[in-house]
Amino acid sequence: MSSKPAKPYGASALVGMAVGTLVLGVVVGLGAGFLSELPGQVGVLLTAILLAVGMGGAVWLSVGWWRRVDEAAREAHKWAWFWGGTCGMAVGFVCLLTVSMRGAELPLPTWLGTAPQDLLVSGMMAILAFQIVGYLIAWAWWWLGQR
């Protein structure tokens, strides 16, 4: 992958990319919903394949965007993901370890789920949410520091 940015996208191309990403997410989400009704190993395999293709499409769109973004924006995103994502992950892990060590003393909200797979997904989503919030704070901090 070239480290030199390609020709930047115009506004219409960025809107097209955003719409393409939205359509990809809707198609994969609906497809996964339909496949969740398919029982057995075939259903599991088809669901995994669909989700992998969807993630591959998202990565492909991201790479296209990354190749066309300028160096300042690249640096902001790298800095924000390292510092914000790392700090957010640390906060999430503190929560996760606290719940895993003292869970009997902490009543968990029922909306997190009660089945093991529900709790696993809730924990993963919580850590991802902490990372994204940390990233957004660090990204804003980086840009404000450049002014």
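Numbers here simply count residues along the sequence, with the first being 1. Being a predicted model, the structure only gives us computed values, none of them experimental.
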Evaluate Cys95 against Phe130 for side chain to side chain contact (heavy atoms under 4.5 Å, CB included), listing each step before the verdict.
CA-CA 10 Å; Cys95 294; Phe130 283 121; 4.0 Å; yes
Could you report the tightest heavy-atom contact between [X] and [Y], atom names first, then the distance?
{"X": "Arg67", "Y": "Arg74", "answer": "CA-NH2, 3.6 Å"}
{"X": "Ala58", "Y": "Leu24", "answer": "N-CD2, 3.6 Å"}
{"X": "Thr21", "Y": "Leu61", "answer": "OG1-CD1, 3.4 Å"}

Ignoring hydrogens and geometry, is there a side-chain-to-backbone donor-acceptor pair from Ser122 to Leu119 under 3.5 Å?
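Not confirmed, Ser122 side chain does not pair with Leu119 backbone.
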Co-membership, hydrophobic cluster, residues [X] and [Y], 4.5 Å side-chain:
{"X": "Met55", "Y": "Val26", "result": "no"}
{"X": "Phe82", "Y": "Trp79", "result": "yes"}
{"X": "Val133", "Y": "Trp83", "result": "no"}
{"X": "Tyr135", "Y": "Trp143", "result": "yes"}
{"X": "Trp139", "Y": "Trp141", "result": "yes"}

Applying side chain to side chain contact (heavy atoms under 4.5 Å, CB included), name anything that partners Phe93, two or more places apart in sequence or on another chain.
Met89, Leu96, Ile127
Please indicate whether Gln146 has more than 12 foreign heavy atoms, meaning atoms of other residues, nucleotides or ligands, lying under 6.0 Å from its CD.
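Atom CD in Gln146 is packed in, count exceeds 12.
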Would Leu46 and Leu38 satisfy side chain to side chain contact (heavy atoms under 4.5 Å, CB included), going step by step from the backbone distance to the final call?
CA-CA 9 Å; Leu46 290 176; Leu38 192 61; 3.7 Å; yes
Taking atom NE2 of His77 and atom CH2 of Trp66, what is their separation to the nearest 0.5 Å?
6.5 Å
Rounded distance (nearest 0.5 Å) linking atom CG of Leu51 with atom OG1 of Thr47
6.5 Å
Within the structure provided, determine whether Leu50 and Leu35 are in side-chain contact (heavy-atom separation under 4.5 Å).
yes
Less than 4.5 Å apart, side chain to side chain, heavy atoms only: is that true for Met124 and Leu128?
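Of all side-chain heavy-atom pairs linking Leu128 with Met124, none is under 4.5 Å.
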Mind checking side-chain hydrogen bond (donor to acceptor under 3.5 Å, both in side chains) for Glu37 and listing every partner two or more places apart, or none if nothing turns up?
none
